Amino acid sequence: MKIFSTLSGQKEEFAPQDNEVKMYVCGVTVYDVCHFGHALSYISFDVIRRYLEFRDYKVKYVQNFTDIDDKIINRSNERNIPWKELVEKYIGEFFVDMDALNIKRATLYPRATEEIPMIIQVIQTLMDKGHAYKADGSVYFRVKSFPGYGKLTHQTADDMRVTETSETEKKEDPLDFALWKAVKPGEPAWLSPWGDGRPGWHIECTAMSIKHLGKTLDIHGGGQDLVFPHHENEIAQSECFTGVDPFVRIWMHNGFLQLGADKMSKSLGNLVTIKQALERNSADAIRLFIISSYYRMPLRYSEEALDAAETGIERMRQALKAEGKTGAEVLDAELYITRFIEAMDDDFSAPQAMAAMFELVREINRGSERGMDVGRAQQVLKELAGVIGFTLQEARKLDHSQEEKILELISRRNAHRKAKEWKQADEVRDQLLKMGIAIEDTPKGTTWKIAK
RNA sequence: GGCGGCGUAGCCAAGUGGUUAAGGCGGGGGUCUGCAAAACCCCUAUGCAGCGGUUCAAAUCCGCUCGCCGCCUCCA
């Protein structure tokens, strides 16, 4: 299996340290609901994780919550609710959204504020080793003390343009970044050897990943936007802390979501939330839309493409319902498993895996029409769908009385059809369509589903 | 100023040196069906932003040009 690493800039043969893959994916800062960009990132890594498991690796998947930072503090002040309450609310929303998208739960979800002792230990060690210094109640990382700084970004510290901030003058060097932020009036704070304060953004991931996964992770993932400064800083902190190089064997970054300049070009930052996306499209369609494009490429949000994915998913679902003849010639689907694996083994090339799946779909339907036994092939399709994370479940959000009504109308229409009263039969069909129900006459009778 | 990405059919999107340029959606024409729907079959890029170059051979490598985008500040 080959995986592209941002660090080396090329595909590398994947060989975890042992059978359990140590995988860490940067999580969200919980001050708002998740948007489509989060769906893109977490679905991408969900597929990667599922595929690793399919290939018989155990995966220990750790994803953090950043539950204290400036945005959280600001938002809680704006809304006049305690930061803790805000954080709990959005952690809850996070799980609602992730579950709705059929994203498997991580093994562990550590939170920054629950790892303060480890964070303090890491910072203290960095200070003892001369990689960090205290200034005005805060602690900063001394970037120039780490010769490898910039290796992930493929730049040297000297090439970087420095943006001045309010803290710049406290630092020895403008590139230095905060490990510990001194408390400001009215802000939540934790005790530390350097005075009250809270952890800086990058340090939590170092502390949590090392604590839960060890000094060297197999895979560390996140959005492309995290490469710099977040992951660059993580490398610096972590390798200085442990003295072990590498901190991460394979750095994976998914392409960033681009908003189509056209349709949803609302004011900047007004992203489509996951909840909004799920109102328009099924979780499967959202996943297919995301997976149809290679994970490292940028993805442009497109409602047209999402709807196309919806139609494609419906065709997959349909193939699972196709009738086969038991005892007849068995449709051989093993070729498609091979093609699927070949595609995914090459840096999780899901678009090509999708091509294989859709060809399998066609084979199943064709085999069904030719009276073959397609049961095994359908089982293969189901299994591959599971590896990708498709449910292929139809959304039936109807209650019993509605369902009874539908069945009653269908039998009324079939009575008309039997009597060749086509006009009346068509009227009943139109009535159903107005209720949002589409029907299909099959050799085995009439079936219905929610119309698009 | 530095680093990086992208430009492939109406739309989305694979393919990174060599058979007929994946797959999805859409469109056209058929088959089946009372009609639909679904499914299946056929067709839909002599062409890969443009111009040069390397090569027996390039969408794929090199150079230049044009266009779009990301990062260097919080962001998955």
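In the text below, chain A, chain B and the rest are named by the order of the sequence lines, each starting its count at 1. The structure displayed is predicted, hence computed values, not measured ones.
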Closest to the A:T29 side chain, choosing from B:A39, B:A76, B:G70: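 Output: B:A76.
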So, A:D218 side chain and A:K22 main chain: donor-acceptor pair closer than 3.5 Å or not?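 A pair under 3.5 Å: yes.
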Using only atom types and a distance under 3.5 Å, with no angle test, would you say the side chain of A:T153 pairs donor to acceptor with the backbone of A:Q155?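 No, A:T153 side chain to A:Q155 backbone: no donor-acceptor pair under 3.5 Å.
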Check every strand shown and say whether [X] touches a base, only sugar-phosphate, or nothing at a heavy-atom separation below 4.0 Å.
X: A:G221; answer: nothing
X: A:R296; answer: nothing
X: A:F358; answer: sugar-phosphate
X: A:L288; answer: nothing
X: A:M297; answer: sugar-phosphate
X: A:H253; answer: nothing
X: A:G222; answer: sugar-phosphate
X: A:E359; answer: sugar-phosphate
X: A:F45; answer: nothing
X: A:D426; answer: base
X: A:A308; answer: sugar-phosphate

OP1 or OP2 of B:C41 less than 4.0 angstrom from a side-chain nitrogen or oxygen of A:R362, does that happen here?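 Indeed, a polar side-chain atom of A:R362 lies that close.
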With side chains defined as the heavy atoms from C-beta onward, is the minimum distance between [X] and [Y] less than 4.5 Å?
X: A:M372; Y: A:E363; value: no
X: A:K275; Y: A:V96; value: yes
X: A:M435; Y: A:W448; value: no
X: A:L52; Y: A:I219; value: yes

Scan every strand shown for a Watson-Crick or G-U wobble partner of B:C71, both distances under 3.5 Å, and answer none if you come up empty.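 Partner of B:C71: B:G2.
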Which residues within [range] lie with some heavy atom under 4.0 Å of an atom in RNA chain B?
range: residues 439-446 of chain A; value: A:I439, A:E440, A:D441
range: residues 366-380 of chain A; value: A:R366, A:E369
range: residues 229-239 of chain A; value: none

Tell me whether A:F256 and B:A76 count as stacked here, given that the ring centres must be under 5.5 Å apart and the planes must differ by less than 30 degrees.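 So yes, this residue stacks on that base, both cut-offs being met.
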For the P atoms, the ones on B:U54 and on B:C68, what distance do you get once it is rounded to whole angstrom?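 Straight-line distance between the two P atoms is 31 Å.
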Each nucleotide N or O in nucleotides 58-61 of chain B that has a protein N or O under 3.5 Å away: list the pair and distance.
none

Excluding sequence neighbours, so at least two apart, what forms salt bridge (Lys or Arg N to Asp or Glu O under 4.0 Å) with A:K444?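 With neighbours one apart ignored, the set is A:E323.
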Mind checking what makes ring-ring contact (aromatic ring centres under 6.0 Å, His included) contact with A:H38, not counting sequence neighbours?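 A:H38 satisfies ring-ring contact (aromatic ring centres under 6.0 Å, His included) with A:H35 once adjacent residues are dropped.
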